[in-house]
Amino acid sequence: MDDTLEALFAVIEDRKETLPEDSYTASLFTHEKGENAVLEKLGEENTELVLAAKDDDHDEIAHEAADIVYHLLVLLSMKDMDLEDLEAELEARR
């Protein structure tokens with residue numbers, strides 16, 4: 001899983017730098033709402049995850065959890081943070 005997260009974060013960082021026009025990720029970095037666009041998506045995805053869990057829909061739980069992780073990584077990148085920041089905090093909680 002670490003390799004998957006690292007690869008995804010690398011793509012997010014690349015999109016942040018290159019801002020390809022056809023990239024959803026790039027659009028989050030240039031959105032007129034700024035970081036609020038990502039914050040709104042995180043709120044929306046969290047609600048969808050809660051509803052999927054309530055319905056015990058395992059496929060939808062995985063889908064919404066992935067959406068949350070993706071948008072969380074975009075937010076970390078926006079804040080000039082990286083996976084090491086997240087890992088350090090998780091390690092401190094063990």
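For reference, positions follow the sequence shown, starting with 1. Here the structure is a predicted model, which means the values were calculated and not measured. Note: hydrogens, waters and symmetry copies are ignored here, and every other heavy atom, side chains too, is used.
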inquiry  = Can you confirm whether D59 is buried at CG, in the sense that more than 12 heavy atoms of other residues, nucleotides or ligands lie under 6.0 Å from that atom?
reply    = no

message = With rounding to the nearest 0.5 angstrom, report the NZ to CD1 distance, K41 to I68.
response = 11.0 Å

ask   = Just wondering, do L8 and T4 contact through their side chains at under 4.5 Å, heavy atoms?
value = no

key: Residue pair T30 / L19, side-chain heavy-atom distance below 4.5 Å   = yes

remark   = Rounding to 0.5 Å, atoms CG (L28) and CD (E40) come to a distance of 11.0 Å

message = So, taking the atom named CG in L73 and the one named CD1 in I12, what distance separates them when rounded to the nearest 0.5 Å?
response = 4.5 Å

Would you tabulate the side-chain donor-acceptor contacts of residues 74-83 under 3.5 Å, counting partners in other chains and residues two or more places apart, or write 'none'?
{"residue": "S77", "atom": "OG", "partner": "E13", "partner atom": "OE2", "Å": "2.3"}
{"residue": "K79", "atom": "NZ", "partner": "E35", "partner atom": "OE1", "Å": "2.7"}
{"residue": "K79", "atom": "NZ", "partner": "E35", "partner atom": "OE2", "Å": "3.3"}
{"residue": "D80", "atom": "OD1", "partner": "K16", "partner atom": "NZ", "Å": "2.9"}
{"residue": "D82", "atom": "OD1", "partner": "E84", "partner atom": "N", "Å": "3.0"}
{"residue": "D82", "atom": "OD1", "partner": "D85", "partner atom": "N", "Å": "3.2"}

task = Nearest 0.5 Å please: distance from the CG atom of D57 over to the CD atom of E64.
result = 9.5 Å

task = For R93 and E89, work out which heavy atoms get closest and say how close.
result = NE-OE2, 2.9 Å

ask   = Do Y70 and L5 have side chains that get closer than 4.5 Å, going by heavy atoms?
value = no

ask   = Sub-3.5 Å donor-acceptor pair from the side chain of D14 to the main-chain atoms of A10, do we have one?
value = no

key: Interatomic spacing from CG in N36 to CG in L42 - rounded to 0.5 Å   = 11.5 Å

query = If Ile, Leu, Val, Met, Phe, Trp and Tyr residues are connected whenever their side-chain heavy atoms lie under 4.5 Å apart, and connections chain through other members, are Y24 and V38 in the same group?
reply = yes

message = Main chain of D67, side chain of H71: is a donor-acceptor contact present, judged purely on distance under 3.5 Å?
response = yes

task = Please name the pair of heavy atoms, one in A26 and one in P20, separated by the smallest distance, quoted to 0.1 Å.
result = CB-O, 3.5 Å

